[in-house]
Structures are given as structure tokens and as C-alpha cells.
Amino acid sequence: MKVLKWLGTGILILVIGFVVFVYARANPKFDAPYPEIMASLDSSIIARGEYLMYGPAHCVDCHAPVSEFPRVRMGEKVPLSGGFDFVIPPGIVHAPNITPDRETGIGAYSDGEIARALRYGVKRDGSPLVDFMPFYDLSDRDLTAIVSYLRSAPPVKNKRPANEWNFLGKAVHAFGMIKPMGDGVIPETPERDSTAAYGKYLAESVANCRGCHTGRDMMTGAYVGIEYAGNQPFEVMDEKGTIVKGKHLVTPNLTPDKETGRIALWPKEVFIARMRAGAAIPGTPMPWGPYKTMTDGDLIAIYKYLHSLEPVHQPTPVGIQEGDPM
Ligand code: HEC
Ligand code: HEC
């Protein structure tokens, strides 16, 4: 009996210690350098930023109000006044208002603070951003264009709630599992052109085709599948952006395998037409609306890059599948 009592006290002390640790460390702060990025007033640079944000980089897909989603789906330019509420196991993450309103948006941020958030995933106050935005390798030129557009867009007042972390959320922060991501090493960016090399930059650092069309570890986000061979399950969303239970979609294989590669037999023109046609499956997470607005040159570059990959034989199911994605 005595032993049990001691054991019980020991466990209780451990549990209390764990809880105290988690609460004490639930708000870790990080440091990262401020990239030397300055907003420009040059209208062609601002226009480039607007193209990226409403096109290949699809910022609008997450940062536009959920009520405007039908317009986003059509490829329209909706103000980025705050968007999806992502319900994930550690809590609820609210995509913020990124218009330059000083109180409710990012109007009070410096150019360097905005650039640092995108390049390293560190917020203005040093807390880490959840890894929703894989733009860590954007070129200086494109990051400058995006910061320039963010500065010049009309401010919209829309107060967004702070993120809500449950105990698991506090614990993953305390144990450093939500942390800054970018290493600050920016690969040399090829000239903007319709070449496979530029297509690789778009598919990896701007449009995130690789991020969804590759198998990922569901807990850590690490790449575990062969790049672009697809087969990554995703949730299906309803009109309001709520996850539909018991259903999932799987990303197709984008490598040029003749039997199982979804686009392997498509001529360039068919690929461009498909990318412009928008979503065919309601509830798909692919940002079809923004991609509609991509230039022919950018789409051709991506097509050439995907067709330059090693073919991988991997069948992937088409259409909505039964069961949750996990
Ligand atoms: C897949 C959805 C998604 C996409 C695409 C996306 N964002 Fe975000 N963004 C978020 C979420 C969610 C947060 C809040 C994350 C958090 O609080 O940890 C956020 C936060 C931000 C912040 C706020 C940083 C801060 O310090 O508060 C900025 C600035 C930002 N995004 C800009 C952009 C830009 C610019 C793009 C396009 C180049 C973009 N986002 C694309 C989901 C997205
Ligand atoms: C947020 C995740 C996500 C991103 C980013 C994404 N996709 Fe997809 N993609 C999907 C999913 C899920 C499907 C299957 C459902 C569908 O067809 O909409 C899909 C389907 C496709 C299809 C098949 C369409 C058809 O009708 O058979 C093609 C082609 C495609 N994606 C190409 C791309 C390219 C090129 C990019 C980058 C420019 C990209 N995807 C980025 C998730 C994504």
C-alpha cells in the first residue's frame, strides 16, 4: 500500500511539473534577421506583387473572408481582410487581416517585419507562425514585390480573433514543435521565363504544387513520398470552409509516368486549359481560383518542369473518397 501511495505521489508531482512547464513555456519567442527588403512605389513592381498574391502564390485563398470564397473560386481579387479559421488539433489558427489597416491589419508593421514573417515564419513580437505559408524561398525580387503590394492595397478594418490554443497547442509550443522554418538561404532564382528551371521555382517556392502533390508525414509535415508523385490525402470542405467528415481527396501523381501520371499524356494546351478551367470537384483544397489567373508563360514553365521529372509509377484514386484523410 505504501509503495502505491509513493508511486501515486511521484506521478502526481510529474504531472504537475509537466503542466507547470507547459504553461511557463507556452509563449516561446524567437529571433530571426530582418531581410533587407524595402517596399517600392514603382507601379510595375506593385503590379507584380498583386499578380503573385492573387495568382501563383494564392494568398487570397486563405486571407480573403470566407463569405467571399465563391468569388475567390472564380479567380477574383477580393480584399485580404482576414480569412479561414483553421481548426487543427492544437487549436484554432485565424488567417489574419493583411490589409494595411493600422489597428486590425498589418499597417503598423515595418517592411522588414512583413518580409521576416514570410521568409522565416517569425511574427512581429517574435512568436512563431504556424507553417501554413511555404514562401521561405521566395526571391528577394518577388518578396519585394509582395511587400510593395501589401503596402499599397486599400486598408480594410476587420478585427480578427487571436489564435486559440488548447493544452496540446500550449504543449507543442512549449516543446518547440511550432518554430520558425526558413533557413534564410535563398536559392538563386532563374530569370522569369517559360523554362523548366523557372517552372521549378514556381512549383516549389511560389505556387506550392510540390507541397500538396507529395506524400507528407501528417504529424510533422516532413516530405515522405517521392516528390510530385501525389497520393497525399486532404480534407474536403463545404461552402463555409468547414471540413466534411468521412470524406477525403487524394492528390494525383504529376510525374510524367505514362500509365499513372495524370498529366503525362496531356499536350501543353490541354494542361493550360485545365489550369484555367477552375475546380471540377467541389470542396477541393487546391487553389484553382487564383491559378486561373496565371500567365501562359508561368503555366508553360510549370508544365515543362513537371515533364522533366523522373516518371514514377504510382496510381492515385480520382474523385471524392470515403473515410477521413488520417
Ligand atoms: C494556406 C493558407 C495561407 C496562404 C496561402 C497564405 N497565408 Fe498568410 N497566413 C495564414 C495563416 C493561417 C496565418 C496565421 C498563422 C499564425 O498565426 O500562426 C497567416 C499569417 C500571415 C501574416 C501575418 C504575420 C504576422 O506577423 O501576424 C502575413 C503578413 C501573411 N500571412 C501574408 C501572406 C502572404 C503575403 C501570402 C501570399 C504570398 C500568404 N500569407 C498566403 C495562411 C495563409
Ligand atoms: C493545397 C493543395 C494543392 C496545391 C497547392 C496544388 N494542388 Fe493540385 N490538386 C490538389 C488536390 C487535392 C487535387 C485533387 C482534387 C482536384 O482535382 O481538385 C489536385 C488535382 C490536380 C490536378 C488534376 C486535375 C484533374 O482534373 O484531374 C492537376 C493537374 C494539379 N492538381 C496540378 C497542380 C499544379 C500544377 C499545382 C501548382 C501550380 C497544384 N496542383 C497545386 C491539391 C493541391
Side-chain angles (χ1 to χ4, degrees), residues 49 52-64 80 82-86 88 90-99 105-106 109 113-118 121-135 138 142-143 145-147 149-150 153 160 162-163 165 169 173 178 199 202-214 216 228 230-236 248-254 261-264 266 270-272 274-275 277-288 290-291 294 298-299 301-303 305-306 316-321 325:
L52 287 167
M53 291 182 58
Y54 286 100
H58 60 275
C59 318
V60 63
D61 213 58
C62 296
H63 286 282
L80 307 177
F84 270 100
D85 304 313
F86 293 94
I88 55 175
I92 307 175
V93 185
H94 302 280
N97 177 351
I98 56 169
T99 72
I106 58 169
Y109 286 43
E113 284 165 348
I114 301 175
R116 183 175 81 156
L118 290 168
V122 177
K123 279 197 208 186
R124 194 177 185 218
D125 68 357
S127 43
L129 284 163
V130 185
D131 186 23
F132 276 98
M133 302 183 289
F135 304 115
L138 277 178
D142 285 344
L143 192 53
I146 286 175
V147 173
Y149 177 75
L150 281 169
R160 296 282 292 153
N163 293 340
W165 303 115
H173 276 94
I178 293 184
L202 286 174
E204 289 176 5
S205 306
V206 185
N208 196 29
C209 317
R210 179 178 61 172
C212 290
H213 286 269
T214 304
R216 309 284 288 267
Y228 301 98
N231 225 13
Q232 171 63 31
F234 275 91
E235 274 114 359
V236 178
H248 71 279
L249 280 166
V250 175
T251 47
N253 178 354
L254 297 182
R262 185 74 54 88
I263 66 168
W266 296 2
V270 172
F271 176 74
I272 295 177
R274 177 65 196 93
M275 293 300 287
I281 301 172
T284 172
M286 174 150 153
W288 286 105
Y291 290 159
M294 286 171 74
D298 281 3
L299 288 173
I302 292 176
Y303 178 86
Y305 173 59
L306 294 173
T316 50
V318 185
I320 294 187
Q321 309 293 308

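Worth knowing before you read on, the calculation uses all heavy atoms, side chains too, and leaves out hydrogens, waters and symmetry mates. Start at 1 and go down the list; that is how both ligands and their atoms are numbered.
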| request: Distance to 0.1 Å, residue and atom name: give those for the protein heavy atom nearest to atom 11 (C) of ligand 2. | output: Thr251 CG2, 3.6 Å
| query | What's the shortest distance from atom 28 (C) of ligand 1 to any protein heavy atom, and which residue and atom give it? | reply | Ile98 CG2, 3.6 Å
| note | Of all heavy-atom pairs linking Gly319 and Ile281, the shortest is CA-CD1, 4.0 Å
| remark: To atom 5 (C) of ligand 2, the nearest of Tyr291, Phe271, Tyr228, Tyr305 on a heavy-atom basis is Tyr291
| said: Does the plane of the ring in Tyr149 sit parallel, tilted or perpendicular to the ring in Tyr54? Use 30° and 60° as the thresholds. | reply: perpendicular
| field | 4.0 Å heavy-atom contact, Tyr109 with ligand 1 | value | yes
| field | Option whose closest heavy atom lies nearest to atom 15 (C) of ligand 2, chosen from Thr284, Val236, Leu254 | value | Thr284
| field | ring pair (Phe, Tyr, Trp, His ring centres under 6.0 Å) between Phe132 and Phe84, intermediate numbers included | value | CA-CA 12 Å; Phe132 276 98; Phe84 270 100; over 10 Å; no
| note | Under 4.0 Å between heavy atoms, the region of Lys123 that gets near ligand 1 turns out to be both
| Closest approach of Arg116 to Arg124 (non-hydrogen atoms, all atoms of both residues) | NH2-O, 3.7 Å
| message | How far is atom 3 (C) of ligand 2 from the closest protein heavy atom, and which atom is that? | response | Cys212 SG, 2.8 Å
| If you measure from each heavy atom of Leu129 to ligand 1, is any distance below 4.0 Å? | yes
| request: Output the distance between atom CD1 (Ile114) and atom CD1 (Ile106), rounded to the nearest 0.5 Å. | output: 4.0 Å
| request: Determine, step by step, whether Phe234 and Met286 satisfy the side chain to side chain contact (heavy atoms under 4.5 Å, CB included) criterion, reporting the C-alpha distance in whole Å, the side-chain angles of both residues, the deciding distance to 0.1 Å, and the verdict. | output: CA-CA 10 Å; Phe234 275 91; Met286 174 150 153; over 6 Å; no
| query | How many angstroms lie between atom NE2 of His213 and atom CG of Asn208, to the nearest 0.5 angstrom? | reply | 9.5 Å
| query | So which heavy atom on Leu150 is nearest to which on Met53, and how close? | reply | CD2-CE, 3.6 Å
| field | Selection from Phe132, Phe135, Tyr54 by shortest heavy-atom distance to atom 41 (C) of ligand 1 | value | Phe135
| query | Which residue owns the protein heavy atom closest to atom 17 (O) of ligand 1, what's the atom, and how far is it? | reply | Asn163 ND2, 2.8 Å
| query | Would you say ligand 2 has an N or O under 3.5 Å from any N or O of Trp266? | reply | no
| field | Contact check, side chains of His94 and Asn163, non-hydrogen atoms, under 4.5 Å | value | yes
| request: Under 4.0 Å from a heavy atom of Met275: give me the atoms of ligand 2 that qualify, with their elements. | output: 34 (C), 35 (C)
| query | Relative to the ring of Phe271, is the ring of Trp266 parallel (under 30°), tilted (30 to 60°) or perpendicular (over 60°)? | reply | tilted
| query | What are the atoms of ligand 1, with element, lying closer than 4.0 Å to any heavy atom of Cys59? | reply | 34 (C), 35 (C), 36 (C), 37 (C), 38 (C), 39 (C), 41 (C)
| said: With a cutoff of 4.0 Å, is Leu202 in contact with ligand 2, counting heavy atoms of the residue only? | reply: no
| request: Give the residue and atom name of whichever protein heavy atom lies nearest to atom 22 (C) of ligand 2, and the separation in Å to one decimal. | output: Pro252 CG, 3.7 Å
| Heavy-atom pair with the smallest gap, counting every atom of Pro325 and Pro233 | O-CG, 3.5 Å
| said: For atom 39 (C) of ligand 1, what is the closest protein heavy atom, and at what distance to 0.1 Å? | reply: Met133 SD, 3.5 Å
| request: Would you please test Asn253 and Asn231 for side chain to side chain contact (heavy atoms under 4.5 Å, CB included) and show each step? | output: CA-CA 7 Å; Asn253 178 354; Asn231 225 13; over 6 Å; no
| query | In terms of residue, atom name and distance, what is the protein heavy atom nearest to atom 32 (C) of ligand 2? | reply | Met286 CE, 3.6 Å
| said: When you measure from the heavy atoms of Pro287 to every atom of ligand 2, does any distance fall below 4.0 Å? | reply: yes
| Per-residue contact class, Pro56 against ligand 2 - non-hydrogen pairs under 4.0 Å | neither
| said: Under a 4.0 angstrom heavy-atom cut-off, which atoms of ligand 1 come close to Val130? | reply: 16 (C), 18 (O)
| request: Considering the heavy atoms of His58, write down every atom of ligand 1 situated less than 4.0 Å from one of them. | output: 5 (C)
| Out of curiosity, Leu202 CG to Ile302 CD1, how far, rounded to the nearest 0.5 Å? | 5.0 Å
| Residue Ala207 vicinity, atoms of ligand 2 by number, heavy atom under 4.0 Å | 5 (C), 38 (C)
| Between Phe86 and Cys62, what is the shortest heavy-atom contact and its length? | CZ-SG, 3.9 Å
| said: Quick test: of every protein heavy atom, which one is nearest to atom 26 (O) of ligand 2, and how far off is it to 0.1 Å? | reply: Arg274 NE, 2.7 Å
| task | Applying side chain to side chain contact (heavy atoms under 4.5 Å, CB included), run through His58 and Trp288 and close with a yes or a no. | result | CA-CA 9 Å; His58 60 275; Trp288 286 105; over 6 Å; no
| field | Close-contact set for ligand 1 against Ile146 heavy atoms, below 4.0 Å | value | 35 (C), 38 (C)
| message | Between Arg262 and Thr251, does the side chain to side chain contact (heavy atoms under 4.5 Å, CB included) criterion hold? Intermediate values first, please. | response | CA-CA 10 Å; Arg262 185 74 54 88; Thr251 47; over 6 Å; no
| remark: Ranked by distance from atom 27 (O) of ligand 2, the top protein heavy atom is Arg262 NH1, 2.9 Å
| Is the distance from atom 8 (Fe) of ligand 1 to some N, O or S atom of His63 under 2.8 Å? | yes
| query | So is there a nitrogen or oxygen of Cys62 less than 3.5 Å from a nitrogen or oxygen in ligand 1? | reply | no
| remark: min-distance protein heavy atom vs atom 36 (C) of ligand 2 -> Cys209 SG, 2.9 Å
| field | Closest protein heavy atom to atom 29 (C) of ligand 2, given as residue, atom name and distance to 0.1 Å | value | Ile263 CG2, 3.7 Å
| said: Distance under 4.0 Å to a non-hydrogen atom of Val250: what atoms of ligand 2 satisfy this? | reply: 14 (C)
| Taking the side chain as C-beta and beyond, is there a heavy-atom pair between Asp85 and Arg160 under 4.5 Å? | yes
| request: To the nearest 0.5 Å, tell me how far Asp61 CG sits from Leu80 CG. | output: 11.0 Å
| note | All heavy atoms of Pro128 vs all of Ile178, minimum pair found to be CG-O, 3.4 Å
| task | Classify the contact between Met294 and ligand 2 as side chain, backbone, both or neither, using a heavy-atom distance cut-off of under 4.0 Å. | result | neither
| Where does Val318 meet ligand 2, judged by heavy-atom distances below 4.0 Å: at the side chain, the backbone, both, or neither? | neither
| request: Specify which N/O/S atom of His213 comes nearest to atom 8 (Fe) of ligand 2, by atom name. | output: NE2
| query | Is Pro285 near ligand 2, meaning one of its heavy atoms is under 4.0 Å from it? | reply | yes
| query | What's the spacing between Leu118 CG and Leu143 CG if we round to 0.5 Å? | reply | 6.0 Å
| Out of Ala115, Pro96, Ala95, who gets a non-hydrogen atom closest to atom 19 (C) of ligand 1? | Pro96
